[in-house]
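Shown next, in structure tokens, is the structure this report addresses.
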Amino acid sequence: RAANDAAGAMDPIAQRIYVHPDHTPEQQATDLLHEIIEVVNREMALKLPEGTIRRLETSLRAIFAENGWALPQVSHG
């Protein structure tokens, strides 16, 4: 796994995102959202600082919640 933190990791070679299996389903969905933003940040060379990525994650999670949209379920396959 090339990029890794306590909540999740991404493997750019395998093109996979991993989240911590012991987190609650809600936290896993949040971790997945965070890792997706990290991938976009890296692939688009946006150079966003971690604080901005966390604010984007929080904002997107709020948008999903306020509109009754479910974040995706995480598969550990």
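Basis for what follows: all heavy atoms, side chains included, without hydrogens, waters or symmetry-related copies.
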Residues which pass salt bridge (charged side-chain N to carboxylate O under 4.0 Å, His left out) with Arg61, listed by chain and number, not counting sequence neighbours: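 Here the qualifying residues are Glu57.
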
I'd like to check the side-chain contact (heavy atoms from CB on, under 4.5 Å) partners of [X]; sequence neighbours left out, ordered by chain and number.
X     : value
Ser59 : none
Ile36 : Ile17, Leu32
Ala14 : Asp11, Arg16

Salt-bridge criterion met for Glu38 and Arg42 (N-O under 4.0 Å):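 Looking at Glu38 and Arg42, the cut-off is not met.
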
Full working for side-chain hydrogen bond (donor to acceptor under 3.5 Å, both in side chains) between His23 and Asp31: CA-CA 9 Å; His23 286 177; Asp31 297 344; 2.7 Å; yes

Pairing residues for Arg55 by the side chain to side chain donor-acceptor pair (under 3.5 Å) criterion, not counting sequence neighbours: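 Partners of Arg55 by the side chain to side chain donor-acceptor pair (under 3.5 Å) criterion, ordered by chain and then number, come out as Thr52.
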
Remaining members of hydrophobic cluster (4.5 Å side-chain criterion), Trp69: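 Other cluster members: Leu33, Ile37, Val40, Met44, Leu46, Leu48, Ile53, Leu56, Leu60, Ile63, Phe64, Leu71.
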
Straight-line distance of Gln28 CD to His20 NE2, nearest 0.5 Å: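 Spacing of CD (Gln28) from NE2 (His20) equals 9.5 Å.
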
Heavy-atom closest contact (Lys47 atom, Asn41 atom, distance):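 Reported closest heavy-atom pair: N-OD1, 3.2 Å.
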
